[in-house]
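Note sheet for the following structure.
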There are 2 protein chains.
Amino acid sequence: MATEDNEDAGRRYHHGDLPAALIRTSFELLADNGLADFSVAKVARRLGISTAAPYRHYSDRDHLLAAVAAAAARQLAAAVRAAAEGAGPDPADRFGAAGAAYVRFAVSHGAGFDVIYAAGPRGLGDAALAAAGRELMDLLTTLAEDTGVRPKEDALRLVGDLVALAHGYATLYRDGFFPRARYSLDDIAAHAARAGRELAAGR
Amino acid sequence: MATEDNEDAGRRYHHGDLPAALIRTSFELLADNGLADFSVAKVARRLGISTAAPYRHYSDRDHLLAAVAAAAARQLAAAVRAAAEGAGPDPADRFGAAGAAYVRFAVSHGAGFDVIYAAGPRGLGDAALAAAGRELMDLLTTLAEDTGVRPKEDALRLVGDLVALAHGYATLYRDGFFPRARYSLDDIAAHAARAGRELAAGR
DNA sequence: GTCTATATATTGATAGAC
DNA sequence: GTCTATCAATATATAGAC
């Protein structure tokens, strides 16, 4: 008889792995309402646990967000890598595809560089978060260098351009600046891909 | 003997034009802390008035923000227009300068499209705000068309690219993604100008 | 038109029972 | 490890005195 056998209808007591569940549910909350609306209390309510329970596993809000941010950075890097690999052999196409992948991820998960580099969590000096962020930036830098841009300083500028472009498209889309009635997520991802490709090709 | 003759040391009672002072002080608060940290109570405290006073002039938080957003849109349009005019005869240079002006304004005032097109205030259907936002977009569209991009649909795509790029640079800079130690506001404004110029020239 | 005082909600976080 | 109960902040907004 497992611990899950209780027929209490929505009132669960046991969660097997609450730390992991907190990360998952935090992601859901970010996807629905964005970082501005994030709160530990909401996460707890969504999980059906008390508002005190999360603090047994994450000492405060920023530590929870740091764990969420590190997971987001890893997933985002994987999505960018997969998009670049699936975009064919042209380095500019691959670079543009990376931008589109960022837009898709940031819009659908509500978590982009604003979450990954948020001031509060970053101030904690979490090593896992720092490493995940660095890995993501290294990946983008490699994709920029593959387009043939030299010297390294110019490649970094190109990365900055792509990040700004994709982040801008993603946040403005989430905020409703690009009307949902006229633009689908596919549309703005395609915009970001095209513009990123042009930036890479225009050097 | 003017009403200002009272020596109550910081305890003022009279403000001549409180509605205007509320807008001014809201701007200061946005510049310091950004939209996420904005509150009617903080504005009131900064002005040295009670937290109830603002509600005599703006029925709620969103109506105050709508007035602030309309003023921001007008000032931003003026800044963009001035930057474009001061950028010389080349339409691509002028277009890039418009992006740089957006970055400077959004960073130093904490108010860009996120404030101007924020969901709450926009839901009010304020005519002045809608007109100010439209004027700003028309200005950017004209600058895009001046670069020779056709048809109109392509010009609108170019505007979307510039807005996303500039907004991304501005918000990421404010959020600390581009380290202040290595990038000045002038640096990222220059980045936005160059990238905007490249986007315009690359068509 | 501005103030004081208040009602109500939400949050982050803690103490102590179980 | 989770809960109940609670505190201190802070916010939006309103009522009524002046």
Side-chain angles (χ1 to χ4, degrees), chain A residues 2-6 8-26 29-30 32-69 118-121 123-124, chain B residues 2-6 8-26 29-30 32-69 118-121 123-124:
Chain A
T3 57
E4 201 53 82
D5 221 349
N6 187 349
D8 219 341
R11 263 292 163 236
R12 291 300 171 282
Y13 209 86
H14 179 231
H15 276 284
D17 190 352
L18 186 50
L22 287 167
I23 303 292
R24 265 202 319 274
T25 306
S26 294
L29 188 58
L30 285 176
D32 284 0
N33 303 332
L35 181 60
D37 213 57
F38 178 90
S39 86
V40 180
K42 283 198 180 81
V43 173
R45 246 175 264 132
R46 222 178 237 243
L47 259 172
I49 60 175
S50 79
T51 60
Y55 292 94
R56 282 285 135 177
H57 304 281
Y58 297 97
S59 60
D60 60 26
R61 178 195 143 104
D62 281 345
H63 279 87
L64 172 55
L65 274 178
V68 172
L124 269 34
Chain B
T3 56
E4 202 51 84
D5 220 348
N6 188 346
D8 220 339
R11 265 290 165 240
R12 291 299 171 285
Y13 208 86
H14 179 231
H15 277 284
D17 190 353
L18 187 49
L22 287 167
I23 304 293
R24 264 202 319 274
T25 305
S26 295
L29 188 58
L30 285 176
D32 283 1
N33 304 332
L35 181 59
D37 212 59
F38 178 90
S39 88
V40 181
K42 281 198 183 77
V43 173
R45 245 174 266 132
R46 222 178 238 243
L47 259 172
I49 61 177
S50 79
T51 61
Y55 292 94
R56 283 285 136 176
H57 305 280
Y58 298 97
S59 59
D60 59 25
R61 179 196 143 104
D62 281 345
H63 279 87
L64 172 55
L65 274 178
V68 172
L124 269 32

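Residue numbers begin at 1 in each chain, while the letters A, B, ... track the order of the sequences. Just the heavy atoms: all of them, side chains too, but no hydrogens, waters or symmetry mates, feed the values below. These figures come from a predicted structure and were not determined experimentally.
Toward the 5′ end of DNA chain C lies the nearest nucleotide of B:H57, the other residue of the pair B:H57 and A:S39 mapping further downstream. Residue A:S50 is the one, among B:Y55 and A:S50, whose nearest nucleotide of DNA chain D lies closer to the 5' end (criterion: closest heavy atom).
As a whole-Å value, the separation of A:I49 CD1 from C:dC18 P is 21 Å. A:H63 places its NE2 atom 15 Å from the P atom of C:dG12, with the value rounded to the nearest Å. Between B:L22 atom CG and C:dT2 atom C1' there is a gap of 12 Å when expressed in whole angstrom units. Atom CG of B:L47 is separated from atom C1' of C:dT2 by 13 Å (rounded to the nearest Å). Here the C1' atom of nucleotide D:dA11 and the CG atom of B:N33 are 15 Å apart, to the nearest Å. Between A:Y58 atom OH and C:dA13 atom P there is a gap of 15 Å when expressed in whole angstrom units. Here the P atom of nucleotide D:dA13 and the CZ atom of B:R61 are 8 Å apart, to the nearest Å.
An OP1 or OP2 oxygen of D:dT10 is reached within less than 4.0 angstrom by no side-chain nitrogen or oxygen of B:K42. Side-chain nitrogen and oxygen atoms of B:R45 include at least one within less than 4.0 Å of the OP1 or OP2 phosphate oxygen of D:dA11. In this structure, A:R56 does not reach the D:dG1 phosphate: none of its side-chain N or O atoms is under 4.0 Å from OP1 or OP2.
Set against C:dT2, D:dA5, C:dG12, the side chain of A:V40 has C:dG12 as its closest nucleotide. Distance from the side chain of B:A53 is smallest for C:dC3 among the nucleotides C:dC3, C:dA13, D:dC3.
Atom CG of B:L124 sits about 10.0 Å away from atom CG of B:L65, to the nearest 0.5 Å.
Residue contacts shown for A:A41 are limited to sugar-phosphate atoms, with no base heavy atom under 4.0 Å away.
Under the side chain to side chain contact (heavy atoms under 4.5 Å, CB included) rule, B:L30 has a single partner from B:T25, B:L35, B:V43, which is B:L35.
Ionic pairing of A:D32 and A:R46 is present here: one or more N-O contacts between side-chain nitrogen and carboxylate oxygen are shorter than 4.0 angstrom.
Side-chain contact between B:L64 and B:S26 is present, with at least one heavy-atom pair separated by less than 4.5 Å. With contacts defined as side-chain heavy-atom distances shorter than 4.5 Å, the pair B:K42/B:D37 qualifies.
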